[in-house]
Every structure is written in C-alpha cells, then in structure tokens.
Amino acid sequence: MSHTDPTWSGAWVTERLGVRLVDATGSGAPADTPRLADLAGLAVRRNPRRAHLIVSEVLGKHIPVDPRVVYTAGWLLGRRVAELLGAKLADTDTRPGSVPGIGPDRAPAPGTGIPPAGVAHLTEPPLVFGYAETATALGHVVADVFAGADYLHSTRRPVPGVPLLGRFDETHSHATEHLLLPADPGWLDRPGPLLLVDDELSTGRTAAATIRALHAVRPRAHYVVAALLDLRTSPDRRVLAELGTELGARVDVVSLGTGEVVLPDDVLERGRILVAAVDGGAPATDPHPPAGTAPAPRPAPSDVSRVDADWPADLPECGRHGFGARHRPALADAVSRLADRVAAGLPDDARILVLGTEELMYAPLALACRLAQTRSGPVRFSSTTRSPVLAVDEPGYAIRTTLVFPPHDHEIDGVRFVYNVAPPRAAEPFDRIVLVVDRTADTERLWQDGGLVPTLRAVSGGVTVAVVPDLVPAVAAPPAGREEPR
C-alpha cells in the first residue's frame, strides 16, 4: 500500500491535510523492514497541539484487529531488541509456551499464531518499561520475549498507598502526565539494560524525559528504546544521542518500521478547519448521540452478562505496579479459565470483540488470543482510549466510527472514546463484545444509562463484562538514601 492507494487507511488525510508517511531508504533501514503504510494509517486529532494521529494497524488500540497479529508484532519487536543485546535465542519451534492462556505452540510467521514466551536469554535480563495508555500491552509482549524479564508501565491512575517514584510529561498527548508507581522500587536497582517500549517515536522527547526521570532514580549504563514505528527526523535523532552523551550512557533505538511524517507548514490550521467542517456538515461521520439527546435504551438483562474472573489474589492484572516473569504461568491459567467461562453459551462461529479499557490491555489481549485459538469464528481485539479523534465514515480513513462515554474509574470529569466498534456503513455488528475491566472501574457509571455497557450494547448483539481484580500491592520500602520525588 501507499499514499496513492485509495484503500490505504491514511489516504483521506493525505489528500486533505497533505500529511504523508515516507519510508526510510538506504542503509538506515534493515532489509526486512515493513512499509509504514502496512503498519499504520492516519486520522485527524481533536487536539490543537497536533493535527494528525498515526493509527496503528497492529496495536489493537483504535482499530479492532486479530489479537494474534497484535501479539506477533510485539514479539517481532522484542526479537529485534534481543538480537541487538546479543541474547541467546532458544529454539521456538517445539518449546512449550507460557504465553497467556495459549499452551504449547510454536513461533509463527507474522500474523499467523502465538509464539512461546521467554526464549531470549541474557545473563542480566532487562527491566522492560511500557507507556500508558497506548503501549501497555505492547511493552508486556516485548517483555515476554525475555526469560526472567520483569515489566512495569507508567500509569495515569493514582493509587492511594502506593508511593510515587517519579513522573514525566508527554507534551503532545491529550493526557500528558505519566506516573511511576512500582510496588518494589528495588526493581530499578537491578543491573542490566532498561528497555523502554512505545508504539511510536515521533521526536524522542518523551523517551528522553523518561530516561532522565529513571536515571535520576538509578543511573545505568545502557538504555534501549523500542517502538513499532520510528518516525523521527534527522534533527530529532540527535535528542537521544545527545542525552546518552550527557548521561554517560549508551542509548539504542530499535523499531519495526522506520521513516518520517511529512507535514505541511500550516497543518495545524488545516486540521482545525477540517474538524470544524466535518463537525458542522456531516453529523453521520461521528455516529454517537450529540450532547443533550436521549441516551440509548437500557438493554434487556439477557443481552448483558457479567463474569467475575477466577483470579489469584497475588496476580497483577497489568504492569501498573510491576508484573514479574514469575507471574506468567498464573496469568496463563487465569486467562484460560476466563476464556472458557466467556465462551460458554456463545455459538462457535460468533463474531467476538474483546475490548480492553485504557491501560488494561494485556490481560484482554491474552484473553482474545485464547479465544482466537479455540474458536472458529473471527475474534478481534481493541481498547478504549482518552484520545479525542475525528471520525469519518469514509474509505481510506482509519477512524470510521466513534462511541463516547463517561469515565467510570477514579475520575469523574471528561469523556472516553472507543473507535471502530460501532459498525461503519454496510458493515455487520459484532455478535458479542467482551468488555474487560478491573474492579476499580466496575462502578455504577459503567452500567448506567449513557455508560459504556449500554453504549456497547446498542451497537452489538450483546455484551459480556469480565471483571478482574486490580491488585493493590504491599509496597516495598525504597532503599535507604532514596528521596521521595517532589
């Protein structure tokens, strides 16, 4: 695919805003590097700081996608990191797997299945760090590649009783602040490289801010930044290189796709005008009730069900406070049990969407992978988000439909979004949406009129809400001499 292909999911934006994705050429890109247009499309943000949004086709955030494609993309990224670090790679063809809920399998060609976990071996396994909210599952999958690797992701949810280890900002994001809330700050004192995983490197400044924050807590000699897409310009590439020189550390970058985003000088103004034109002239492009209209009717009880996951009390549901390599087998078992309960009573050929919620992406991805392996019907995976994006129900545009709902966890203000779940024109709805939430997010607002559950029911054949406990850990004391960040 390319910008000139009208079926590419970025063609609409390229035609109207002049935004283009340009692949790296020459010695700067490995021979097996996929084209950017095969990995992502384009949409228009509702954000005055940045007009465009790179919409990944392999991440499972904004576009429902086969979960095995999502897992394999992360796995391939992790393998590239392992090769950079000189890890010893075990045989993946016959080795039993501990990928969540999958059981024994073998390493696939991209998009065809799920590989086993922990096949890259280093004397000192890396500590893997992912970014909320978009890359929480991606970082977790990369961690799966390494035997003995522990995983931590940033969060935007403050948790009473868990001390703040640090914070940094992502300036171009809709929700900018990232919090670091490890249950055991001592993880950061371990030797070995620190591996930062994000879906996209646009300037490298967020990665630099993260490295500064973590280096202030525990200086180390080697950092690796891994992303599905590296879209930095030549001047931007100096950001991490100069940071490494400043800190006296090695900073490497690894990606699946490499290139640049070409933007016209007036792209912000073009984006503002385009959003206003679409909002003013084509209400069908955002197929959700405008503010002030009657909410969707409450679904009949038979259309909505709830499953409380059989979840070990000490098993983290995500990497917000840290997910250890030792937790992998327990998660595999818990996800397998949950998949059996979710699938009970559903026709084997039902079209299923497993929907994660903001930062809670990896456990839903594991559930979707399990269902995809055991059922004949199509299974897709995506998740909700805070990011406001323009929806346009036209071919060649990445975000076709929008659903809007109020937050239902610790926050009471603002709205949340889920994209491409309501069917676009002439498309069939999902037979069942499996919404995965943690216990903190299982609130009255989730279920009430206008909340996420009735909103999903209005565009699907039914909703199953799977609730997993969110672990509030016993917090380890910080090492002596370490001060609480201000």
Side-chain angles (χ1 to χ4, degrees), residues 60 64-71 99-103 105 113-114 137 296-312 315 317 330-357 360-384 403 405 408 418 420-423 427-439 441-449 451-470:
V65 64
D66 188 322
R68 295 165 292 188
V69 171
V70 176
Y71 199 96
V99 172
I102 302 303
D105 212 319
I114 303 297
R298 184 184 296 276
S302 60
D303 295 331
V304 175
S305 61
R306 173 194 170 109
V307 174
D308 288 290
D310 179 11
W311 206 261
L315 176 62
E317 81 290 354
L331 183 65
D333 292 341
V335 165
S336 181
R337 293 192 300 270
L338 180 58
D340 290 343
R341 295 180 64 191
V342 164
L346 292 179
D348 192 53
D349 60 351
R351 299 176 65 252
I352 296 175
L353 171 70
V354 178
L355 186 66
T357 42
L360 182 59
M361 290 183 67
Y362 182 77
L365 172 62
L367 173 63
C369 286
R370 176 65 177 174
L371 292 170
Q373 291 281 27
T374 56
R375 299 180 60 81
S376 64
V379 177
R380 297 294 179 262
F381 166 74
S382 65
S383 52
T384 66
L403 297 171
F405 57 94
H408 49 83
V418 59
N420 294 323
V421 169
E428 292 293 323
F430 288 103
D431 297 318
R432 198 77 178 180
I433 296 176
V434 181
L435 173 66
V436 184
V437 299
D438 60 32
R439 192 171 289 154
D442 180 27
T443 62
E444 183 178 349
R445 298 184 84 188
L446 177 72
W447 299 86
Q448 68 187 12
D449 289 344
L452 181 54
V453 172
T455 297
L456 294 175
R457 175 59 191 92
V459 297
S460 68
V463 178
T464 296
V465 181
V467 182
V468 299
D470 45 331

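Note that this is a predicted model, so its numbers are computed, not measured.
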Partners meeting salt bridge (Lys or Arg N to Asp or Glu O under 4.0 Å) with Asp310 (sequence neighbours left out): Arg337
message: Assess the residue pair Leu435 and Leu446 against the criterion (side chain to side chain contact (heavy atoms under 4.5 Å, CB included)); give the C-alpha distance rounded to whole Å, side-chain angles, the decisive distance to 0.1 Å, and a yes or no.
response: CA-CA 11 Å; Leu435 173 66; Leu446 177 72; 4.0 Å; yes
Distance (rounded to the nearest 0.5 Å) between Leu367 CG and Leu331 CG: 10.0 Å
task: Run the numbers on Arg306 and Trp447 for side chain to side chain contact (heavy atoms under 4.5 Å, CB included), then give the verdict.
output: CA-CA 11 Å; Arg306 173 194 170 109; Trp447 299 86; 4.1 Å; yes
- request: Decide side chain to side chain contact (heavy atoms under 4.5 Å, CB included) for Phe430 and Val379; before the verdict, give the C-alpha distance in whole Å, the side-chain angles of both, and the deciding distance to 0.1 Å.
  value: CA-CA 9 Å; Phe430 288 103; Val379 177; over 6 Å; no
- prompt: Where do Phe405 and Val418 come nearest, in terms of heavy atoms and distance?
  reply: CE2-N, 4.1 Å
message: Going by salt bridge (Lys or Arg N to Asp or Glu O under 4.0 Å), name the residues that satisfy it together with Asp431, two or more places apart in sequence or in a different chain.
response: none
message: Keeping Arg457 on the side-chain end and Ser460 on the backbone end, is there a donor-acceptor pair under 3.5 Å?
response: yes
task: Could you tell me whether the side chain of Ser336 reaches within less than 4.5 Å of the side chain of Arg370, counting heavy atoms only?
output: yes
field: Set of residues satisfying side-chain contact (heavy atoms from CB on, under 4.5 Å) with respect to Ala137, sequence neighbours excluded
entry: Met361, Tyr362, Leu365
- prompt: What pair of heavy atoms forms the shortest contact from Gly60 to Phe381, and how long is it?
  reply: O-CE2, 3.4 Å
task: Determine whether the side chains of Ser305 and Arg341 contain a donor N or O and an acceptor N or O closer than 3.5 Å.
output: no
- request: Output all residues satisfying side-chain hydrogen bond (donor to acceptor under 3.5 Å, both in side chains) with Thr384, sequence neighbours left out; order by chain, then residue number.
  value: none
- request: Please report the shortest heavy-atom distance between Thr357 and Ser383, naming the atom on each side.
  value: N-CB, 4.3 Å
Minimum-distance pair of heavy atoms, taken over all atoms of Pro312 and Ala334: CD-CB, 4.1 Å
List the atom pairs, donor and acceptor, that lie under 3.5 Å between side-chain atoms in residues 346-353 and the rest of the protein, sequence neighbours left out.
from   : atom 1 : to     : atom 2 : distance (Å)
Asp348 : OD2    : Ser376 : N      : 3.3
Asp348 : OD2    : Ser376 : OG     : 2.7
Arg351 : NH1    : Glu428 : O      : 3.4
Arg351 : NH1    : Pro429 : O      : 2.6

query: Is a side-chain donor or acceptor of Thr443 paired with a backbone partner of His408 at a separation under 3.5 angstrom?
result: yes
task: Kindly compute the distance separating OG1 (Thr455) from CG (Asp449), expressed to the nearest 0.5 Å.
output: 9.5 Å
query: So among Thr464, Ile433, Val436, which one has a side-chain contact (heavy atoms from CB on, under 4.5 Å) with Val354?
result: Val436
task: Kindly give the heavy-atom pair with the smallest separation between Pro454 and Gly451, and that separation in Å.
output: CD-O, 3.3 Å
query: Taking Arg380 for the side chain and Val65 for the main chain, is one N or O donor matched with an acceptor at less than 3.5 Å?
result: no
task: Considering non-hydrogen atoms only, spot the tightest contact between Glu317 and Leu360 and give its length.
output: O-CD1, 3.6 Å
- request: Kindly write out the residues that satisfy side-chain hydrogen bond (donor to acceptor under 3.5 Å, both in side chains) with Asn420, not counting sequence neighbours, or none if the list is empty.
  value: none
